Amino acid sequence: MSNPSKIGIVVGSLRKDSITRRVAQAMAKLSPGGAIWRFVEIGALPIYNPDLDEAGVPAWTAFRDEVKALDGVLFATPEYNRSMPGALKNAIDVGSRPYGKSAWSGKPAGIVSVSPGALGAFGANHHLRQSLVFLNMPAMAQPEAYVGNSGNILGADGDFVEASRGFFKAYVEAFEAWVKRHAPVG
Ligand SMILES: Cc1cc2nc3c(=O)[nH]c(=O)nc-3n(C[C@H](O)[C@H](O)[C@H](O)COP(=O)(O)O)c2cc1C
């Protein structure tokens with residue numbers, strides 16, 4: 001069997017009780033076994049400022065090294081004001097520098113946008129997708145995951161309710177195959 005892919009989960013919400021994080025946790029549990037899923041935390045990253053990068057910021061360096069070690073990245077994000085939360089945009093900016101040495105470049109990505117509302121955080125999903133184009137991250141096109149009514153999809157045990165499980169299982173399987181197909185060589 002080939003080596004399992006290393007998939008990092010970046011969650012756009014910093015909330016302790018984040019529904020988005022719980023959705024990502026439940027998704028990782030649906031892995032058929034061909035990948036190792038782990039969270040990459042973004043909450044302690046100072047706001048990106050190029051001036052500070054000249055001297056080096058240890059939290060930024062550690063984050064970049066963590067991303068570089070991944071084969072693929074799943075972004076799970078809520079929507080803030082019809083876009084991605086600032087914490088997620090900051091993480092993207094931190095990982096993208098120094099210029100020409102982006103930690104993100106070439107890493108296959110998936111986007112799962114999550115909202116308690118009906119629209120499934122479409123705005124956040126596509127603003128994020130726009131950044132991934134520039135970052136040279138091949139983002140899986142199908143299946144799309146605009147997860148609305150997020151308050152209804154998880155049971156008390158933290159797993160998906162029966163009606164939602166099939167969709168997320170298919171997404172996870174497609175994403176693992178996507179990462180295998182597009183992971184950077186070397
Ligand atoms: C600053 C802010 C802006 C928000 N804007 C939106 C929005 O544009 N669309 C939306 O569906 N929900 C919006 N919400 C509600 C979030 O979807 C909701 O708080 C959700 O639970 C956040 O995800 P989490 O549970 O993972 O933290 C907003 C929440 C905050 C705090």
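Counting convention: from 1, in listed order, for ligands and their atoms alike. Computed from a predicted structure; not experimentally measured.
Within the 4.5 Å cutoff, side-chain heavy atoms of Arg64 are placed close to those of Pro98. Within the 4.5 Å cutoff, the side chain of Tyr171 has heavy atoms near those of the Leu74 side chain.
By the ring pair (Phe, Tyr, Trp, His ring centres under 6.0 Å) test, Phe134 pairs with no residue at all, sequence neighbours left out. Leu119 meets the side chain to side chain contact (heavy atoms under 4.5 Å, CB included) test with Arg82; sequence neighbours excluded.
Neither side chain, Ser5 nor Glu176, offers a donor N or O lying under 3.5 Å from an acceptor on the other.
Ligand 1 is surrounded by Ser13, Arg15, Ser18, Ile19, Thr20, Pro78, Glu79, Tyr80, Asn81, Arg82, Ser115, Pro116, each with at least one heavy atom closer than 4.0 Å.
Through side-chain heavy atoms spaced under 4.5 Å, either directly or across other Ile, Leu, Val, Met, Phe, Trp or Tyr residues, Ile36 is tied to no other residue.
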